[in-house]
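To start, the structure under review is shown below, and the notes come after it.
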Amino acid sequence: MNLRHQETPELDITAFMNLMVALIPFLLLSAAFSQVAILQLMMPAGAASGGGGSNEELQLELVIEVDGLALKNVAGKGSVLAQLQKRNGKHDLAALTTELYTIKTRYPQRSDIILRARPETNYATIIELMDTVRARHVSEGMVDVEQELFPDIAIADAELGGAQ
């Protein structure tokens, strides 16, 4: 055996290159579909005072209460527009959507709502209600259409805003 004349074997990276050719397009395609959902929230105007100084005809407020939901117009002297009781321990989202749609047809230019929640309110409940007040889903034939309701959501503390 001649030690001086020994050749270094070539490194075969064909299998590794085949893996990269398949893996890189897969990662690029999957990265295009992974999106983070971000919902823009606003600071409530006059939330601590209950919005009593507003001269507008509608300042919509949804209060999460222990036994249900209260939909209020806090502009001017303020009034309760709808009182929605829980059904089977859950908020009646269908009735809320109907009430919000009725209000939206009367005030189509309005897009803001204040969501008042107590500190003990479940986070999933807040998110569920935020999704409900933003838009309603209507089936038109074979297509599900999303109609905008009140997408400009502000969150405030129900106990600070006088939501009795």
Problem set entry | Glu128 vs Leu93 side-chain heavy atoms within contact, under 4.5 Å | yes
Problem set entry | Partner residues of Ile126 under the side-chain contact (heavy atoms from CB on, under 4.5 Å) criterion, sequence neighbours left out | Ile64, Leu115, Ala117, Thr121, Met130, Ile155
Problem set entry | Distance (rounded to the nearest 0.5 Å) between Leu100 CG and Leu71 CG | 5.5 Å
Problem set entry | Approximate separation, where rounding is to 0.5 Å, of Met20 CE and Leu27 CG | 8.5 Å
For this session: Just do the side chain to side chain contact (heavy atoms under 4.5 Å, CB included) check on His91 and Leu84 with the steps written out, would you?
Result: CA-CA 8 Å; His91 294 290; Leu84 306 169; over 6 Å; no
Problem set entry | Residues that Thr102 engages under side chain to side chain donor-acceptor pair (under 3.5 Å), provided they are two or more places apart | none
Problem set entry | Side-chain hydrophobic cluster, 4.5 Å single linkage: members besides Val145 | Val143
Exercise. Are there more than 12 heavy atoms of other residues, nucleotides or ligands under 6.0 Å from atom CD1 of Ile13?
Worked result: no
Exercise. How about Arg134 and Phe150: do any of their side-chain heavy atoms sit closer than 4.5 Å?
Worked result: no
Seminar exercise, completed: Here the gap from Leu69 atom CG to Leu62 atom CG, rounded to the nearest 0.5 Å, amounts to 5.0 Å
For this session: Report yes if some heavy atom in the side chain of Asp67 is under 4.5 Å from a heavy atom in the side chain of Lys86; otherwise report no.
Result: no
Exercise. How many angstroms lie between atom OG1 of Thr97 and atom CG of Leu149, to the nearest 0.5 angstrom?
Worked result: 7.0 Å
Exercise. Considering only heavy atoms from C-beta outward, does the side chain of Gln59 approach that of Asp112 to under 4.5 Å?
Worked result: yes
For this session: Can you run down the salt bridge (Lys or Arg N to Asp or Glu O under 4.0 Å) pairs that involve residues 88-102, sequence neighbours left out, and say none if there aren't any?
Result: Arg87-Asp92
Seminar exercise, completed: Arg118 and Glu65 have their tightest heavy-atom pair at NH1-CA, 4.3 Å
For this session: Answer yes if the side chains of Ser111 and Asp152 hold a donor-acceptor pair under 3.5 Å, and no otherwise.
Result: yes
Exercise. Taking C-beta and beyond as the side chain, do Tyr107 and Leu60 meet within less than 4.5 Å on heavy atoms?
Worked result: no
Exercise. Is a side-chain donor or acceptor of Lys104 paired with a backbone partner of Gln109 at a separation under 3.5 angstrom?
Worked result: no
Exercise. How would you list all residue pairs meeting side-chain hydrogen bond (donor to acceptor under 3.5 Å, both in side chains) that involve residues 13-25, not counting sequence neighbours?
Worked result: Asp12-Thr14
For this session: Could you name each residue pair satisfying side-chain hydrogen bond (donor to acceptor under 3.5 Å, both in side chains) that touches residues 139-150, not counting sequence neighbours?
Result: Arg136-Gln147
For this session: For Val133 and Leu96, work out which heavy atoms get closest and say how close.
Result: CG1-CD2, 4.4 Å
Exercise. CD1 of Ile153 to CD1 of Ile113: how many Å apart, nearest 0.5 Å?
Worked result: 7.5 Å
Exercise. Can you tell me how far OG1 of Thr105 sits from OH of Tyr101, rounded to the nearest 0.5 angstrom?
Worked result: 6.5 Å
